[in-house]
Colleague: 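Sharing a structure below in structure tokens format, with a few things to ask.
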Protein chains: 2
Amino acid sequence: MQISDAEWVVMNLIWSSSPIEAAEVIDQIAADNGWSAATVKTMLHRLVRKGALATEQNGKKYVYTPAVRRDACVRQASRSFLDRVFGGEATPALIHFVKTAKLSDKDVKEIRAMLDKKTNRNEGEQG
Amino acid sequence: MQISDAEWVVMNLIWSSSPIEAAEVIDQIAADNGWSAATVKTMLHRLVRKGALATEQNGKKYVYTPAVRRDACVRQASRSFLDRVFGGEATPALIHFVKTAKLSDKDVKEIRAMLDKKTNRNEGEQG
DNA sequence: CGCAACCGTTTACACGTGTAATCTGTCAGC
DNA sequence: GCTGACAGATTACACGTGTAAACGGTTGCG
């Protein structure tokens with residue numbers, strides 16, 4: 001299942017605020033992006049049809065919840081990006097991001113700690 | 001300028017083998033991807049029209065060269081990916097890739113060295 | 001019961017993209 | 001000069017996507 005650029009905008013809001021009423025999704029996304037309410041409704045409809053969102057009626061209101069996990073979608077989009085730009089290789093992508101990203105000391109520490117874990121796991125596997 | 005998924009396939013070959021004759025591009029990409037020669041020709045044409053490729057006639061043969069730098073396109077595609085999936089934030093993307101990538105010890109060392117450089121630069125700036 | 005609110009549903013259109021067929025201009029060999 | 005090779009140029013179509021208007025079913029309030 002492919003989520004388009006504009007659909008990511010909608011999904012990111014719903015992942016972070018689930019469950020959420022349609023009115024809130026429509027108002028917030030329309031305002032933040034300069035889109036009309038009709039545009040947001042189309043996207044909600046397409047995402048439901050794709051199986052990315054579920055909707056349920058609550059009186060006169062409708063409520064949206066994600067029907068797919070964000071981390072699964074992130075993984076798929078990341079894979080697609082790596083395949084397209086880096087021939088599927090993560091290392092050059094990592095190098096690119098480390099080079100170009102503005103990282104705080106805290107960020108650097110966190111990433112370093114994860115790399116340490118990575119190395120320890122490699123050594124464990126070799127053992 | 002936006003390079004599509006299929007166009008990345010063509011550009012990656014030409015970036016890595018420039019200058020390259022049309023026949024070679026067409027044969028290699030058609031074979032590697034199960035596309036017809038006509039499909040590859042369409043993509044070459046679109047890339048020239050977009051300004052991503054330049055072509056020059058050499059007798060009866062045509063030669064292609066990139067008209068844009070790979071690193072600039074990588075940067076733009078990376079920016080687009082970060083904006084779409086991670087709200088523009090590089091750190092969560094880095095964390096995601098470190099978590100999911102299969103990294104060799106050599107890779108880990110290289111990335112760690114770059115992080116060290118990053119920290120030193122931060123300290124320099126603060127000084 | 002009528003009406004407004006909610007917002008789903010349907011429809012529409014332009015553009016980019018994936019895929020490919022066909023036609024045509026130029027070049028080089030016989 | 002004719003012909004084949006090279007491959008550019010043009011055309012075509014289906015689909016996804018961005019954007020949005022218009023219509024209609026259901027609910028709840030006065």
Side-chain angles (χ1 to χ4, degrees), chain A residues 1-14 19-65 67 73 76-77 80-81 83-85, chain B residues 1-14 19-65 67 73 76-77 80-81 83-85:
Chain A
M1 179 211 311
Q2 183 86 351
I3 301 183
S4 72
D5 287 3
E7 289 165 351
W8 268 98
V9 174
V10 176
M11 290 304 299
N12 276 332
L13 173 63
I14 298 177
I20 183 170
E21 287 184 356
E24 186 160 359
V25 177
I26 293 165
D27 289 346
Q28 198 163 330
I29 290 189
D32 289 351
N33 296 273
W35 295 338
S36 85
T39 297
V40 186
K41 287 181 195 173
T42 293
M43 284 176 209
L44 287 171
H45 187 73
R46 284 178 180 171
L47 286 163
V48 170
R49 200 174 57 205
K50 279 181 173 178
L53 283 179
T55 183
E56 104 187 31
Q57 200 167 346
N58 187 14
K60 160 177 167 176
K61 303 241 182 201
Y62 284 75
V63 163
Y64 281 89
T65 48
C73 294
Q76 184 184 1
S80 173
F81 168 71
D83 286 346
R84 174 164 72 256
V85 178
Chain B
M1 180 212 313
Q2 183 86 351
I3 299 181
S4 72
D5 285 4
E7 289 165 350
W8 268 97
V9 174
V10 176
M11 291 302 300
N12 277 332
L13 173 63
I14 298 178
I20 183 171
E21 286 183 356
E24 186 160 358
V25 177
I26 293 165
D27 289 345
Q28 199 163 331
I29 290 187
D32 290 350
N33 296 272
W35 295 339
S36 86
T39 298
V40 186
K41 287 180 193 172
T42 293
M43 283 176 210
L44 288 170
H45 187 74
R46 285 176 179 171
L47 285 162
V48 170
R49 201 174 58 204
K50 278 180 175 177
L53 283 179
T55 182
E56 107 187 29
Q57 201 168 346
N58 186 15
K60 167 173 158 169
K61 305 247 182 198
Y62 284 75
V63 164
Y64 281 90
T65 48
C73 293
Q76 184 184 2
S80 171
F81 168 72
D83 286 345
R84 175 164 72 254
V85 177

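Side chains are part of it too, since the values below use all heavy atoms of this structure and drop only hydrogens, waters and symmetry mates. Sequence lines set the chain letters: A, B, ... in the order given, protein chains first and strands last, and positions in each chain run from 1. Quick caveat: nothing in here was measured; it's all calculated off a predicted structure.
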Colleague: For B:Trp35, enumerate each residue passing the ring-ring contact (aromatic ring centres under 6.0 Å, His included) test, keeping only those at least two apart in sequence or located in another chain.
Modeller: none
Colleague: Rounded to whole Å, please give me the gap between NZ in B:Lys41 and C1' in C:dG25.
Modeller: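 For the pair B:Lys41 NZ and C:dG25 C1', the rounded distance is 13 Å.
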Colleague: Using whole Å, report how far CD of B:Glu56 lies from P of D:dG8.
Modeller: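 Rounded to whole Å, this separation is 13 Å.
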Colleague: CG/B:Asn33 to CD/B:Gln28 distance, rounded to the nearest 0.5 angstrom?
Modeller: 10.0 Å
Colleague: Measure the distance from CE on A:Met43 to P on C:dG8 and round it to the nearest whole Å.
Modeller: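 After rounding, the gap between these two atoms is 14 Å.
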Colleague: Is there a residue in residues 23-39 of chain A whose heavy atoms reach under 4.0 Å of DNA chain D, and which residues are they?
Modeller: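 Going residue by residue through residues 23-39 of chain A, the ones with a heavy atom under 4.0 Å of DNA chain D turn out to be A:Trp35, A:Ser36, A:Ala38, A:Thr39.
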Colleague: Take the protein atom NZ of A:Lys61 and the nucleotide atom P of C:dA4, then report the distance between them rounded to whole Å.
Modeller: 18 Å
Colleague: With a cut-off of less than 4.0 Å, is there a side-chain N or O of B:Lys60 near OP1 or OP2 of D:dT3?
Modeller: no
Colleague: Is there a donor-acceptor contact under 3.5 Å from the side chain of A:Glu7 to the main chain of A:Leu47?
Modeller: no
Colleague: Output the residues of residues 2-11 of chain B in contact with DNA chain D, where contact means a heavy atom of the residue under 4.0 Å from an atom of the strand; sort by number or write none.
Modeller: none
Colleague: Rounded off to whole Å, could you give me the CG-to-P distance for the B:Leu44 and D:dA9 pair?
Modeller: 11 Å
Colleague: In whole angstrom, give the distance that lies between atom NE2 of A:His45 and atom P of D:dT17.
Modeller: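 So the two atoms are 14 Å apart, to the nearest Å.
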Colleague: Could you say whether A:Asn58 or A:Tyr62 is positioned toward the 5' end of DNA chain D, judged by the nucleotide with the nearest heavy atom to each?
Modeller: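 Residue closer to the 5' terminus by nearest nucleotide: A:Tyr62.
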Colleague: Just to be sure I understand the rule, does B:Thr42 reach a base, reach only the sugar-phosphate, or reach nothing, if contact means heavy atoms closer than 4.0 Å?
Modeller: base
Colleague: So which atom in A:Lys50 and which in A:Ser4 form the shortest heavy-atom distance, rounded to 0.1 Å?
Modeller: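 Answer, listing the atom of A:Lys50 first, then A:Ser4: NZ-N, 4.3 Å.
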Colleague: Would you kindly check whether a donor in the side chain of A:Arg46 faces an acceptor in the base of C:dT9, or vice versa, at under 3.5 angstrom?
Modeller: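 Result: no qualifying N/O pair found.
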Colleague: Roughly, in whole Å, what's the span from CZ in B:Arg84 to C1' in D:dT17?
Modeller: 13 Å
Colleague: For the residue pair B:Ala52 and B:Met1, what are the closest heavy atoms and their distance?
Modeller: CB-SD, 3.7 Å
Colleague: If you compare all heavy atoms of B:Ala77 against all heavy atoms of A:Phe81, which two are closest, and at what distance to 0.1 Å?
Modeller: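 That would be O-CE1, 3.6 Å.
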Colleague: Compare all side-chain heavy atoms of A:Leu44 with those of A:Ile26 and state whether any distance is below 4.5 angstrom.
Modeller: yes
Colleague: If you take all heavy atoms of A:Val10 and A:Ile29, which pair is closest and at what distance?
Modeller: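 Looking at all heavy atoms of both residues, the shortest contact is CA-CD1, 3.4 Å.
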Colleague: Below 4.0 angstrom from OP1 or OP2 of D:dG8, is there any side-chain N or O of B:Tyr64?
Modeller: yes
Colleague: Mind checking whether B:Ser80 and B:Asp83 have side chains closer than 4.5 Å, heavy atoms only?
Modeller: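 With C-beta onward as the side chain, the pair stays apart.
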Colleague: Tell me: CZ of B:Arg49 to C1' of D:dG8, nearest whole Å?
Modeller: 13 Å
